[in-house]
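Here's the structure, in structure tokens; my notes come after.
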Amino acid sequence: MNLDFSPEDLAFRDEVRRFIEENYPAAVRSKQESGEELGREDFLAWHRILGARGWSAPAWPVEYGGPGWSSIQKFIFAEELARAGTVPILPFGINMVAPVIQAFGTPEQKQRFLPPTLAGEIWWCQGYSEPGAGSDLAGLSTRAVRDGDHYVVNGQKTWTTLAQFADWGFFLVRTDPAAKKQEGISFLLIDMKSPGVTVRPIITLDGAHEVNEVWLEDVRVPVENRVFEENKGWTCAKFLLAHERTGIAGVARSKRALERLRATAATEAGDDGQPLDQDPFFRRKMTELEIELMALEYTELRTLAREAQGKGPGPESSLLKIEGSVIQQRLAELALEAAGRYGAPHLKDDPPGENAPPIGPKSARGAADVYFNMRKTSIYGGSNEIQRNIIAKAVLGL
Amino acid sequence: MDFSFSEEQRLLRDSLASFLADTYSFEARRKAIATEAGWRPEIWRALAQDLGVLGAALPEELGGLGGGPVDNLVVMQALGQALVVEPYLETVVIGAGLLKRIDSPAAKAAVEQIIAGELITTLAWGEPTSRYDPADVSTTARRDGAGWRLDGRKAVVSAAPWASKLLVTARTSGARREGQGISLFLVGKDAPGVTLRDYPTVDGRRAAEITLDGVMLGADALLGQEGQALPGIEATLDEARAALCAEALGVMGEMVRQTVDYAKQRRQFGHAIADFQVLQHRMVDMFIRQEQSVSMTYMATLKLDLPPLERARAVSAAKAHVGRACTAVGQAAVQVHGGIGLTEELALSHYFKRAAMIEQALGSSDFHLRRYEMLDRSGELEAVG
Ligand SMILES: Cc1cc2nc3c(=O)[nH]c(=O)nc-3n(C[C@H](O)[C@H](O)[C@H](O)COP(=O)(O)OP(=O)(O)OC[C@H]3O[C@@H](n4cnc5c(N)ncnc54)[C@H](O)[C@@H]3O)c2cc1C
């Protein structure tokens with residue numbers, strides 16, 4: 001046992017760090033810093049820069065254009081991106097649908113979808129959840145009926161993240177209503193510009209437009225856009241779930257959030273007039289969180305080490321999801337606490353004018369919105385209750 | 001010992017609840033807070049004139065109905081339940097609560113106007129770096145001829161955009177964070193040198209940053225004794241904190257109710273999600289927090305008339321407790337709802353946001369834990385600063 005990265009890993013880390021410093025788009029950085037909402041192009045710009053370097057798909061096999069990194073290198077890469085606070089690589093294409101296509105797709109599907117996904121030319125969205133099928137995903141009722149060499153799809157998806165930007169979506173649809181729940185589902189790739197696809201915004205409690213309803217009305221989908229066999233979509237979905245877990249702990253991003261919190265606490269006054277980080281109440285909360293995060297980090301490293309020995313992430317990754325989400329939420333909670341009375345102003349639509357005095361410290365801007373928004377982390381991607389059910393069943397055999 | 005409401009208080013509660021049921025649907029609220037003004041003056045007028053709510057807790061000699069803190073509790077709980085944005089807390093509990101302590105014709109007239117629904121006012125006490133300490137005042141008031149000159153900044157003053165007059169704390173002597181030397185002034189919002197920067201708050205209300213730049217006031221603008229305003233402000237803020245706890249009861253009560261209702265309806269895996277024991281226990285925990293908060297709020301409300309030290313300890317204990325309950329109940333309510341609990345469209349998310357802001361308002365839970373500890377240790381109200 002030892003905890004050290006090898007000299008090669010450290011050299012790799014320096015290389016990644018330098019690359020980010022030299023290549024991260026200044027325009028995106030400045031938008032992030034001013035809290036401006038990011039558009040489609042902002043995400044894609046960074047994706048393309050990484051793509052040109054051959055780094056946009058860390059986990060892909062080399063044959064599809066992946067960099068061929070070890071688990072540790074992938075970890076380091078993700079950590080460096082988070083440390084630098086880059087926009088994330090959009091997960092839906094690179095980490096979700098692409099591995100499914102690689103594992104189950106036809107040669108034509110691979111040829112058609114993988115290169116443009118790698119290059120950041122396709123924005124994907126995930127059309128799984130429905131109003132009646134959230135935690136119980138297999139209860140979905142969107143229907144696809146075969147009509148010659150097309151499926152005709154009808155139904156409603158919901159919570160579809162950033163579908164307003166999406167070119168394509170991967171959908172779970174019911175092709176055999178008579179079969180058992182999991183056995184009548186197929187996995188379809190749907191062009192979001194198809195007639196009959198309507199995307200409607202859902203505004204979340206922080207005022208953001210991050211999720212959508214996607215309505216499908218007589219949408220004609222060529223049969224060639226079905227991945228894997230008819231009625232075998234659940235196999236793809238389960239496979240994908242394993243990939244969705246990678247990086248789900250969010251350790252590196254939480255570390256960065258903690259650093260920011262510490263920086264805020266060093267300058268903003270607490271209840272006794274001293275900087276917040278001198279306030280024993282607040283300081284202790286930060287320390288506790290830091291130790292929780294440390295525990296999570298080493299659990300993640302242990303998982304990685306096991307993966308490196310060819311043991312894929314098992315149900316233990318539910319642990320990473322649970323603890324990771326709670327830490328992210330707690331960080332947001334403390335950032336709101338640090339904002340004090342300046343947590344209340346809602347200034348999204350009203351950026352400060354040139355001459356007016358700023359309304360509170362910069363660190364307080366949007367702190368409440370982040371706190372509200374972060375409640376999602378214990379709900380999406382399998383709620384924390386569902387994750388606990390998984391551990392109970394699959395690990396503890398209860 | 002008696003924790004029941006009087007006949008008058010029950011009437012007040014019921015008439016207010018039925019008025020709000022008629023006029024304050026979630027939809028009506030949503031429309032109102034989206035307007036430029038962000039509130040409904042006609043609601044305020046009705047509260048004053050048709051229901052007599054604004055005077056319920058104020059003394060008879062000032063035109064009120066002679067009630068007290070328990071009446072504030074009754075009103076605030078009902079307002080919390082309907083998520084009312086109109087400034088009862090700012091104008092009646094705090095504004096009139098301060099003014100009623102001051103023996104001057106101007107103060108008396110102002111209270112009468114408040115009860116009649118003709119005057120909206122709010123206390124501008126916080127400053128950009130003062131956090132929750134009302135003694136942390138850097139705004140200055142200097143004598144100028146017969147009158148006063150005010151300079152300084154006030155931060156996140158809730159309801160200020162709706163007010164016509166502001167109650168402003170300013171330092172006439174002493175150092176920042178010193179209890180002595182703080183004075184209270186009544187300032188017209190249209191006075192030269194007063195600038196407001198209005199904005200919405202995350203819980204659908206309005207607040208403002210206020211700049212006071214060489215604001216010239218007459219001698220009569222000083223309310224009460226020069227330099228001696230803090231004890232009255234602390235007492236009033238304690239009443240307001242207790243009232244805020246009462247509002248929290250309304251907010252939490254709704255979250256518990258809506259969550260239990262939703263869990264019974266929502267089906268997954270062929271069951272109502274209310275069948276899952278882990279969710280049942282989560283809802284039971286919400287209920288426990290709510291019940292404990294009721295107890296603490298009653299306790300603090302009934303101790304508001306005790307000497308300052310006991311009053312402050314009771315209030316800080318309640319606010320710390322209720323604040324934490326707000327956070328816990330709100331988070332649990334959203335979690336049990338799942339994705340739908342995060343949507344702007346659902347009333348629940350607005351209760352959650354208000355609960356989060358109540359936790360912070362007039363001192364966060366940590367602030368009150370500390371205040372409680374210090375009062376306990378030193379036995380001095382001054383130590384609170
Ligand atoms: C911000 C956000 C983004 C999302 N993005 C996407 C996306 O891009 N694509 C997509 O397809 N979906 C997306 N989702 C949907 C997400 O996966 C679902 O919200 C999630 O699966 C939960 O489903 P639900 O919201 O219907 O809650 P429900 O399933 O109704 O759950 C309600 C409550 O019941 C609990 N519960 C349910 N079943 C059990 C059980 N058996 N035992 C104990 N407790 C249980 C849950 O934990 C939760 O607390 C997103 C959601 C959010 C909030």
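We name chains A, B, ... by the order of the sequence lines, and we start the count at 1 in each one. Hydrogens, waters and symmetry mates play no part in the numbers below; they use all other heavy atoms, side chains included.
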Is it the backbone or the side chain of I273(B) that comes under 4.5 Å from a heavy atom of chain A, or both, or neither?
->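 Looking at I273(B), nothing touches chain A.
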Tell me, side chain or backbone of E127(B) under 4.5 Å from chain A's heavy atoms, or both, or neither?
->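 Backbone only.
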Minimum side-chain heavy-atom gap [X]-[Y] below 4.5 Å:
| X | Y | value |
| --- | --- | --- |
| T201(B) | H346(A) | no |
| N389(A) | F276(B) | no |
| V202(B) | F372(A) | yes |

Measure from the side-chain N and O atoms of [X] to the backbone N and O of [Y], and report whether any donor-acceptor pair falls under 3.5 Å.
| X | Y | answer |
| --- | --- | --- |
| E344(B) | G207(A) | no |
| R375(A) | G341(B) | no |
| R131(B) | G270(A) | no |
| K353(B) | L205(A) | yes |
| Q268(B) | G134(A) | yes |

With distance as the sole criterion, is a donor-acceptor pair present between the side chains of Q335(B) and S378(A) under 3.5 Å?
->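 Per modelled atom types, Q335(B) and S378(A) side chains form a pair under 3.5 Å.
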S129(A), P280(A), A138(A), A338(A): which one forms the most heavy-atom pairs within less than 4.5 Å of chain B?
->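 The answer is A338(A).
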Partner chain B: residue of G343(A), G360(A), A339(A), G139(A) with the largest heavy-atom pair count (under 4.5 Å) |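 The answer is G343(A).
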Under a 4.0 Å N-O cut-off, is there an ion pair linking [X] with [Y]?
| X | Y | value |
| --- | --- | --- |
| K285(A) | D366(B) | yes |
| D136(A) | R267(B) | no |
| E385(A) | R282(B) | yes |

Pick from S130(B), G339(B), G363(B): which one has the most heavy-atom pairs with chain A under 4.5 Å?
->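 Looking at each option in turn, the highest pair count goes to G339(B).
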Apply side-chain contact (heavy atoms from CB on, under 4.5 Å) to W159(A) and L342(B), showing your working.
-> CA-CA 11 Å; W159(A) 312 124; L342(B) 290 170; 6.0 Å; no
Could you check E333(A) against Q331(B) for side-chain hydrogen bond (donor to acceptor under 3.5 Å, both in side chains), going step by step and ending with a plain yes or no?
-> CA-CA 11 Å; E333(A) 224 173 299; Q331(B) 293 179 355; 3.3 Å; yes
Taking it one step at a time, do D271(A) and R370(B) satisfy side-chain contact (heavy atoms from CB on, under 4.5 Å)?
-> CA-CA 9 Å; D271(A) 291 333; R370(B) 180 198 307 276; 3.7 Å; yes
First locate atom CE of M374(B), then atom CG of D272(A), and finally report the distance between them rounded to the nearest 0.5 Å.
->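 So the gap between those two atoms works out to 8.5 Å.
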Could you state the interatomic distance from CD (E337(A)) to CZ (F367(B)), rounded to the nearest 0.5 Å?
->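 If I round to the nearest 0.5 Å, the distance is 13.5 Å.
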Apply the test side-chain contact (heavy atoms from CB on, under 4.5 Å) to residues Y342(A) and Q360(B): give CA-CA distance (whole Å), side-chain angles for both, the deciding distance (0.1 Å), then the verdict.
-> CA-CA 10 Å; Y342(A) 280 111; Q360(B) 303 249 316; over 6 Å; no
Would you say R260(A) has more than 12 foreign heavy atoms packed within less than 6.0 Å of its CZ?
->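 At most 12 heavy atoms, drawn from other residues, nucleotides or ligands, come within 6.0 Å of this atom.
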